[in-house]
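Model, not experiment: these values are computed from the prediction.
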Amino acid sequence: MAGAYVRTGGVLALICCVLAIGADALEPSGWVRAHATFYGGSDASGTMGGACGYGNLYAQGYGTRTAALSTALFSDGAACGQCYKLVCDRKTDKTWCKPGVSVTVTATNFCPPNWDLPSDNGGWCNPPRPHFDMAQPAWEKIGVYRGGIIPVIYQRVPCVKKGGVRFTVSGHDYFLLVLPTNVAAAGSVRAMDIMASKSGGDWMSMTRNWGANWQRGGYLNGQTLSFRLTITDGQTIVFSNVVRSSWTFGQTFASNLQFK
């Protein structure tokens with residue numbers, strides 16, 4: 001109901017593998033106060049796309065447990081993929097809060113400021129407010145529909161995912177755009193490097209393009225691609241030869257490796 005951005009993209013499926021470098025896994029943070037609204041309809045179909053670039057959230061495995069974050073939380077896309085546990089604050093509002101329940105959501109979108117409205121009356125996502133504009137099915141796990149907006153307490157928690165990290169390759173000749181999805185643990189990516197089969201064994205750094213998408217210039221067509229991913233808790237995994245040399249733009253390649 002606060003009005004999150006929508007953007008589309010993405011396709012499907014393939015293969016595999018190798019190697020991890022240790023670090024301390026993300027621990028749940030302390031509890032913080034915020035507010036939550038909802039958007040996207042009762043089936044969450046209006047949440048597809050989004051400012052993180054995940055595209056079809058059903059196909060990507062994020063489902064209806066998602067949220068758009070306010071500026072204070074979104075960090076220009078650096079928070080994409082992070083997971084948050086929310087509880088409606090019944091000490092503040094017994095009328096619209098459901099008792100004894102919580103919900104965990106993944107950050108998949110941005111809730112933009114509305115400078116025409118005050119922060120305490122419609123401009124819910126205005127800085128510096130921490131705010132969650134949640135997919136409606138997720139919001140209704142903890143709030144009563146008629147309430148519209150509820151006070152919450154939240155904490156960042158490790159993401160739990162099924163299967164390995166996936167990589168969607170898009171862009172065009174001389175410009176590669178890679179979207180890592182289904183990232184467990186910290187959920188969000190801090191750094192990403194790429195190695196092509198004809199690069200002489202050298203890692204090349206990638207930069208964040210928008211949302212959860214990372215970019216690299218150069219002609220990499222027809223080469224096997226490996227990725228080195230570091231998530232925001234410091235864990236690093238090398239995904240060797242995860243993208244086969246016959247890749248085409250729009251394909252998604254699934255690894256069998258996952259962060260802990």
For residues [X] and [Y], report the shortest heavy-atom separation together with the two atoms involved.
{"X": "V189", "Y": "P180", "result": "CG2-CG, 4.1 Å"}
{"X": "M134", "Y": "A36", "result": "SD-CB, 3.7 Å"}
{"X": "I231", "Y": "A185", "result": "CD1-CB, 3.9 Å"}
{"X": "L86", "Y": "Y154", "result": "CG-CB, 3.9 Å"}
{"X": "F132", "Y": "A67", "result": "CD2-CB, 4.3 Å"}
{"X": "A44", "Y": "T64", "result": "CB-CG2, 3.7 Å"}

Going by heavy atoms in the side chains, are [X] and [Y] under 4.5 Å from each other?
{"X": "C52", "Y": "F74", "answer": "yes"}
{"X": "L220", "Y": "Y174", "answer": "no"}
{"X": "Y84", "Y": "T106", "answer": "no"}
{"X": "V169", "Y": "Q251", "answer": "no"}
{"X": "F110", "Y": "C80", "answer": "no"}
{"X": "M206", "Y": "Q215", "answer": "no"}
{"X": "Q60", "Y": "T168", "answer": "yes"}

Counting distance only, does the side-chain N/O of [X] pair as donor-acceptor with the main-chain N or O of [Y] below 3.5 Å?
{"X": "T71", "Y": "P127", "result": "no"}
{"X": "Q223", "Y": "K198", "result": "yes"}
{"X": "K141", "Y": "V101", "result": "no"}
{"X": "N256", "Y": "V165", "result": "no"}
{"X": "S255", "Y": "L257", "result": "yes"}
{"X": "H35", "Y": "H131", "result": "no"}
{"X": "T92", "Y": "P151", "result": "no"}
{"X": "Y62", "Y": "A107", "result": "no"}
{"X": "R65", "Y": "T104", "result": "no"}
{"X": "R216", "Y": "F175", "result": "no"}

Of F253, W247, F227, which meets ring-ring contact (aromatic ring centres under 6.0 Å, His included) against F167?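 One option only clears the test, and that one is F227.
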Taking it one step at a time, do V87 and Q155 satisfy side chain to side chain contact (heavy atoms under 4.5 Å, CB included)? CA-CA 9 Å; V87 176; Q155 62 174 179; over 6 Å; no
Going from [atom1] on [X] to [atom2] on [Y], what distance comes out if it is rounded to the nearest 0.5 angstrom?
{"X": "S70", "Y": "L73", "atom1": "OG", "atom2": "CG", "value": "4.0 Å"}
{"X": "T230", "Y": "D193", "atom1": "OG1", "atom2": "CG", "value": "7.0 Å"}
{"X": "L69", "Y": "C111", "atom1": "CG", "atom2": "SG", "value": "9.0 Å"}
{"X": "N126", "Y": "L117", "atom1": "CG", "atom2": "CG", "value": "7.5 Å"}
{"X": "L57", "Y": "M48", "atom1": "CG", "atom2": "CE", "value": "4.0 Å"}
{"X": "I150", "Y": "C88", "atom1": "CD1", "atom2": "SG", "value": "3.5 Å"}

Assess the side chains of [X] and [Y]: does a donor N or O sit below 3.5 Å from an acceptor N or O?
{"X": "T37", "Y": "D133", "result": "yes"}
{"X": "Q82", "Y": "S188", "result": "yes"}
{"X": "N109", "Y": "Y54", "result": "no"}
{"X": "S240", "Y": "R228", "result": "no"}
{"X": "D173", "Y": "N221", "result": "yes"}

Check whether W96 forms a cation-pi arrangement with R146 (NZ or CZ under 6.0 Å from the six-membered ring centre, at most 45° off the ring normal).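 Because its charged atom misses either the 6.0 Å distance or the 45° angle limit, R146 does not stack over W96.
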Taking a hydrophobic cluster as the set of Ile, Leu, Val, Met, Phe, Trp and Tyr residues connected by side-chain heavy atoms closer than 4.5 Å, whether directly or through intermediates, do [X] and [Y] fall within one such cluster?
{"X": "V103", "Y": "V160", "result": "no"}
{"X": "F239", "Y": "M204", "result": "yes"}
{"X": "Y219", "Y": "F249", "result": "no"}

Member of L229, T207, N213 meeting the side-chain contact (heavy atoms from CB on, under 4.5 Å) criterion with M192: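 Exactly one pass, corresponding to L229.
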Any chance you could lay out the side chain to side chain contact (heavy atoms under 4.5 Å, CB included) test for Y39 and Q136, step after step, and finish with the verdict? CA-CA 5 Å; Y39 78 114; Q136 184 176 331; over 6 Å; no
Which pairs count as disulfide bond (SG atoms under 2.5 Å apart) when at least one residue sits in residues 140-242, sequence neighbours excluded?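 Residue pairs passing disulfide bond (SG atoms under 2.5 Å apart), neighbours aside: C83-C159.
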Show, in sequence, the C-alpha distance, side-chain angles and deciding distance for T47 and T108, and conclude whether the side chain to side chain contact (heavy atoms under 4.5 Å, CB included) test is met. CA-CA 9 Å; T47 66; T108 58; 5.9 Å; no
Apply the test side chain to side chain contact (heavy atoms under 4.5 Å, CB included) to residues I142 and V152: give CA-CA distance (whole Å), side-chain angles for both, the deciding distance (0.1 Å), then the verdict. CA-CA 9 Å; I142 59 173; V152 296; 4.2 Å; yes
For N182, which residues count as a side chain to side chain contact (heavy atoms under 4.5 Å, CB included) partner, sequence neighbours excluded?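 Expected list: K161, R166, Q258.
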